[in-house]
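All remarks here apply to the structure that follows.
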Amino acid sequence: MNFFVTGTDTDVGKSYICKHLAKEFTKLGKKTGYLKPFQSGMEEGIEIDAKQIKKTADKVITKSSYITKTPCTPLISSEIDNIEYNLEKVKADYEELNKFCDITIVEGSGGLYVPVKKNILMSDVIKFLNLPIIIVSRPNLGTINHTLMTIKCAQNEGIEILGFVISNYPEKSCDPAILRAKEMIENYCNLKILDIIKHNQTDLSQLAKKLI
């Protein structure tokens, strides 16, 4: 099973989910690959996501198709850094991983409608790679709207959705916006949640088993 991890926004926990899923897949005996097509905001001293994956799961084969310094959407970052993205290279990197791996995780940048090239959004990259998606959501106020919009956008684009994950869920909360989020999202989208990942939770074995 190969899949693309997208978010309802930036900094929602996509990389965290990817690295701990990769660790669990390797523990289950699966040769695992990880691809970050567009890595931006990599100033000196900051590690790229692929290196973070390696620290958590050293047996994972990792690739980064393009790395830019400017911390913003891939399109703007590539323009400032004078880099021209080629989706054929991204596809070649993905297919190279598939030669050696049982499972390949592809991590996006931000959400589905992040601009990548002129007239090309992240949703177009997903369709180009022909991958189903996992949506990573925040637990707090606003996540119902953001998650439902992401699900609806994916459906309108003809992208298969494996499910959604709520990341960085607080251990203890009396906030009804957090406590009712899972229920509300499921009720309005006809999708079941794959998992709720608690704050600082590193054991994603149950989620990994659902995806194999």
Side-chain angles (χ1 to χ4, degrees), residues 2-22 32-58 60-97 104-131 133-143 145-147 149-151 153-154 157 159 164-165 167-168 197:
N2 298 338
F3 55 88
F4 192 106
V5 177
T6 191
T8 55
D9 198 352
T10 190
D11 199 29
V12 295
K14 295 189 304 297
S15 297
Y16 188 88
I17 298 294
C18 286
K19 70 181 181 181
H20 290 292
L21 269 181
T32 305
Y34 167 86
L35 173 63
K36 180 80 172 186
F38 313 104
Q39 176 75 73
S40 61
M42 290 299 101
E43 302 292 352
E44 185 177 352
I46 299 177
E47 290 187 328
I48 64 173
D49 289 335
K51 286 187 177 179
Q52 290 286 350
I53 294 280
K54 274 290 190 184
K55 279 189 170 182
T56 304
D58 61 345
V60 175
I61 304 172
T62 63
K63 280 184 175 290
S64 298
S65 299
Y66 293 98
I67 301 173
T68 54
K69 292 182 179 180
T70 307
C72 52
T73 187
L75 171 60
I76 299 172
S77 187
S78 68
E79 290 176 343
I80 293 171
D81 289 11
N82 196 30
I83 293 176
E84 180 68 23
Y85 296 144
N86 184 340
L87 296 191
E88 291 294 342
K89 172 174 169 47
V90 173
K91 190 170 187 177
D93 286 342
Y94 170 68
E95 290 176 346
E96 181 68 18
L97 286 172
T104 299
I105 303 168
V106 183
E107 183 186 349
S109 305
L112 290 180
Y113 283 176
V114 165
V116 174
K117 296 181 66 174
K118 185 178 180 181
N119 300 322
I120 294 179
L121 301 170
M122 195 63 68
S123 57
D124 297 309
V125 177
I126 296 169
K127 290 188 286 185
F128 185 68
L129 296 176
N130 193 28
L131 286 171
I133 62 171
I134 292 173
I135 299 168
V136 180
S137 306
R138 288 190 171 98
N140 50 346
L141 185 64
T143 197
N145 178 60
H146 293 162
T147 306
M149 284 197 301
T150 300
I151 290 168
C153 287
E157 295 285 347
I159 296 170
F164 68 97
V165 174
S167 178
N168 201 30
I197 309 303

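Predicted, not measured: the structure shown is a model, and the values here were computed from it.
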Test log, rule side-chain contact (heavy atoms from CB on, under 4.5 Å), inputs Asn2 and Val106: CA-CA 8 Å; Asn2 298 338; Val106 183; over 6 Å; no
Donor-acceptor pairs under 3.5 angstrom involving side-chain atoms of residues 114-124: please list them, not counting sequence neighbours.
| residue | atom | partner | partner atom | Å |
| --- | --- | --- | --- | --- |
| Lys117 | NZ | Glu84 | OE2 | 3.4 |
| Lys117 | NZ | Tyr85 | O | 2.8 |
| Asp124 | OD2 | Leu121 | N | 2.7 |

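- A 4.5 Å side-chain heavy-atom check between Ile76 and Thr70 finds every atom pair outside the cut-off.
- Considering only heavy atoms from C-beta on, Tyr66 comes within 4.5 Å of Asn86 through its side chain.
- Residues forming a salt bridge (Lys or Arg N to Asp or Glu O under 4.0 Å) with Glu157 (at least two apart in sequence, or on another chain): Lys127.
- Between the CD atom in Glu79 and the OG1 atom in Thr73 there is a gap of 9.5 Å [rounded to 0.5 Å].
- The side-chain hydrogen bond (donor to acceptor under 3.5 Å, both in side chains) test applied to Ser65 returns Asp93, not counting sequence neighbours.
- Between atom CD1 of residue Ile126 and atom OG1 of residue Thr6 there is a gap of 5.0 Å, rounded to the nearest 0.5 Å.
- Annotation for Ile80: atom CD1 counts as buried by contact number, over 12 foreign heavy atoms lying within 6.0 Å.
- Taken to the nearest 0.5 Å, the OH atom of Tyr34 stands 12.5 Å off from the OG1 atom of Thr104.
- With sequence neighbours left out, Asn130 forms a side-chain hydrogen bond (donor to acceptor under 3.5 Å, both in side chains) with no residue at all.
- Taking the side chain to side chain contact (heavy atoms under 4.5 Å, CB included) definition, one finds that Thr8 meets it with Val12, Ile135, Ser137, His146, Thr147, Thr150, sequence neighbours left out.
- In this model, no donor atom of one side chain and acceptor atom of the other lie less than 3.5 Å apart for Tyr16 and Asn168.
- Nearest approach of Asp11 to Arg138, heavy atoms of both residues: O-NH2, 3.8 Å.
- Taken to the nearest 0.5 Å, the CD atom of Glu107 stands 12.0 Å off from the OG1 atom of Thr62.
- The distance from the CZ atom of Phe4 to the CG atom of Leu129 is 7.0 Å, given to the nearest 0.5 Å.
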Working for side-chain contact (heavy atoms from CB on, under 4.5 Å), residues Phe128 and Val90: CA-CA 10 Å; Phe128 185 68; Val90 173; 6.0 Å; no
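- Side chains of Ser77 and Ser40: no donor on one and acceptor on the other come within 3.5 Å.
- Applying the side-chain hydrogen bond (donor to acceptor under 3.5 Å, both in side chains) criterion to Ser167, with sequence neighbours excluded, gives no partner residue.
- Here the closest heavy-atom approach between residue Ile133 and residue Ala154 is recorded as CD1-CB, 3.8 Å.
- In this structure, Val136 and Gly13 approach most closely via the heavy-atom pair CG1-C, 4.1 Å.
- Here the straight-line distance linking atom NZ of Lys14 with atom CD1 of Ile134 works out to 13.0 Å at 0.5 Å rounding.
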